[in-house]
2 protein chains.
Amino acid sequence: MERNEDVSRRLKECGLKGTKHRKAILHFMDCSKIPVSADQVYLQLSAQGISMDLSTVYRTLETMREKGLLIKHSRLNDTRALYEYNRMEHKHYLVCLGCNKMLPVRHCPLEEYEKTLEKETDFMISGHKLAIFGYCAECKENI
Amino acid sequence: MERNEDVSRRLKECGLKGTKHRKAILHFMDCSKIPVSADQVYLQLSAQGISMDLSTVYRTLETMREKGLLIKHSRLNDTRALYEYNRMEHKHYLVCLGCNKMLPVRHCPLEEYEKTLEKETDFMISGHKLAIFGYCAECKENI
DNA sequence: TTAATTGCAAACACTTTGCACGCTA
DNA sequence: TAGCGTGCAAAGTGTTTGCAATTAA
């Protein structure tokens, strides 16, 4: 149960109690390769026999986001918000218009551009959100 | 009333009846320099003495979007959706984290990048959404 | 005339919140 | 045992919808 201890430690570092639910959620988030919704967390954990209220999932994800453990993607595709484990990497996403899946892309083509833009405008730029839309390998066959 | 006739004509071209509400909304959208929410349309027209139900505003904006008259920005900043008159230009926005205002930026730094990405992945790319966040001239003073 | 448009009220999806009880540190 | 965490039910927010009445073409 190395992983379990790792998760407990990270919760403690954030000043959060290591409850069963929190450990389960954080572990699940850590294992997810792509961003997931509160709903998905709830259903998947349910399926694993770990049952909790949906509001607890929402509350926990939000708390973890505040502590910097997770990153929130707010309704990119106008559906529900997605959360992912924060691995401290700046990246962007390919968002599938078919299944809403988000695939990370490492390279960021915007760093230079932001600096130029700040000089040209009155804005104080603090970040950006780039989502590239399209259809993933599976979905593009069913259009 | 040149403008009014222009608006009527554009409605007709889209197969939409030229009702008083529609003309008022389309004219208002045409005059707006930046994207606005259904709520804002509703309030501003109200203030001009043009009263209608909020659901009518939502329905009308959505209809006009379907016809291509407007562009919809779906809850970019996790608040309400914003609509703008479609001037057939590809552009991006500076989104103010203070007041949610969206300022257009003409240049798009992503055209080349998309092609590269399509080659590298299995995605069929259909577009992108780039929002650059920060604080506008007014808001950055009050942080 | 007659099909499109509207107001109204109710439903919707996702998310947040108040409160009493339960459990971790 | 003190206070954080949780389930439950209810509220909130932005948006959509069904239906009957109204209106433009």
Side-chain angles (χ1 to χ4, degrees), chain A residues 4-5 7-28 35-43 45-46 49-67 69-70 72-83 100, chain B residues 4-5 7-28 35-43 45-46 49-67 69-83 100 102:
Chain A
N4 215 323
E5 281 166 26
V7 157
S8 297
R9 181 177 49 70
R10 274 175 288 179
L11 285 172
K12 191 171 288 174
E13 283 167 5
C14 295
L16 298 176
K17 285 190 181 168
T19 68
K20 187 177 133 192
H21 291 168
R22 284 201 180 141
K23 285 185 220 166
I25 290 178
L26 191 54
H27 181 244
F28 179 81
V36 291
S37 64
D39 204 59
Q40 286 172 299
V41 175
Y42 173 78
L43 289 172
L45 290 181
S46 255
I50 303 167
S51 102
M52 68 187 80
D53 196 84
L54 182 56
S55 72
T56 300
V57 178
Y58 274 110
R59 252 189 295 229
T60 304
L61 292 175
E62 194 50 26
T63 304
M64 292 179 176
R65 187 199 58 74
E66 279 164 18
K67 297 297 185 183
L69 290 169
L70 304 179
K72 180 178 188 178
H73 302 279
S74 291
R75 312 180 181 211
L76 261 194
N77 201 5
D78 207 12
T79 59
R80 66 207 95 204
L82 302 182
Y83 289 85
N100 275 318
Chain B
N4 214 323
E5 279 166 29
V7 156
S8 296
R9 180 177 50 70
R10 274 175 289 181
L11 285 172
K12 190 171 289 177
E13 281 167 6
C14 294
L16 298 175
K17 284 188 182 172
T19 67
K20 185 177 136 194
H21 293 167
R22 286 206 177 135
K23 286 186 219 166
I25 291 179
L26 191 55
H27 181 244
F28 178 81
V36 291
S37 65
D39 204 60
Q40 287 173 298
V41 174
Y42 174 78
L43 289 172
L45 290 181
S46 255
I50 303 167
S51 103
M52 69 188 81
D53 196 83
L54 182 56
S55 73
T56 299
V57 177
Y58 273 110
R59 251 189 296 230
T60 304
L61 292 175
E62 195 49 26
T63 303
M64 289 179 178
R65 187 200 57 75
E66 279 164 18
K67 298 296 186 184
L69 290 169
L70 303 180
I71 292 170
K72 179 179 187 177
H73 302 280
S74 291
R75 311 179 182 212
L76 260 195
N77 202 6
D78 207 11
T79 59
R80 66 209 93 202
L82 303 182
Y83 289 84
N100 276 317
M102 292 176 71

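Lettering of chains follows the sequences in order, A, B, ..., and the numbering in each one begins at 1.
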Quick one: is [N] close enough that its OP1 or OP2 comes under 4.0 Å of any side-chain N or O from [X]?
X     : N      : result
B:Y58 : D:dT15 : yes
B:H21 : D:dT23 : no
A:S55 : C:dT17 : no
A:T56 : D:dG7  : yes

Go through the N and O atoms of the side chain of B:R80 and the base of D:dG12, and report whether any donor-acceptor pair is under 3.5 Å.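 Check fails, no donor-acceptor contact within cut-off.
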
Return the value, rounded to whole Å, for the distance between atom [atom1] of [X] and atom [atom2] of [N].
X     : N      : atom1 : atom2 : result
A:K17 : D:dA2  : NZ    : P     : 13 Å
B:L45 : C:dT6  : CG    : C1'   : 15 Å
A:K20 : C:dC23 : NZ    : P     : 10 Å
B:Y42 : D:dT16 : OH    : C1'   : 17 Å
A:L16 : D:dT6  : CG    : C1'   : 14 Å
A:Q40 : C:dC14 : CD    : P     : 11 Å
B:L54 : C:dA11 : CG    : P     : 18 Å
A:K12 : D:dG5  : NZ    : P     : 14 Å

Whichever of B:Y83 and A:T60 has its nearest DNA chain D nucleotide further upstream toward 5': A:T60

Looking at every strand, decide which applies to B:A38 at a 4.0 Å heavy-atom threshold: base, sugar-phosphate, or nothing. nothing

B:D53 and B:S55: side-chain hydrogen bond (donor to acceptor under 3.5 Å, both in side chains), yes or no, with the steps? CA-CA 5 Å; B:D53 196 83; B:S55 73; 2.8 Å; yes

Assess whether a salt bridge exists between A:E62 and A:R65, defined as any Lys/Arg side-chain N lying under 4.0 Å from an Asp/Glu carboxylate O. yes

From C-beta outward on B:R59, which listed nucleotide comes closest to its side chain: D:dC4, D:dT17, D:dC8? D:dT17

Nearest to the side chain of A:D53 - C:dT24, D:dC8, C:dG7?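 Nearest to the side-chain atoms of A:D53, counting from C-beta on, is D:dC8.
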
Set out, in order, the CA-CA distance, both residues' side-chain angles and the distance that settles side-chain contact (heavy atoms from CB on, under 4.5 Å) for A:F28 and A:I50, then state yes or no. CA-CA 11 Å; A:F28 179 81; A:I50 303 167; over 6 Å; no

Side-chain heavy-atom pair A:H21, A:T60 within 4.5 angstrom cut-off: no

Sub-4.5 Å side-chain heavy-atom contact between B:R22 and B:V7: no

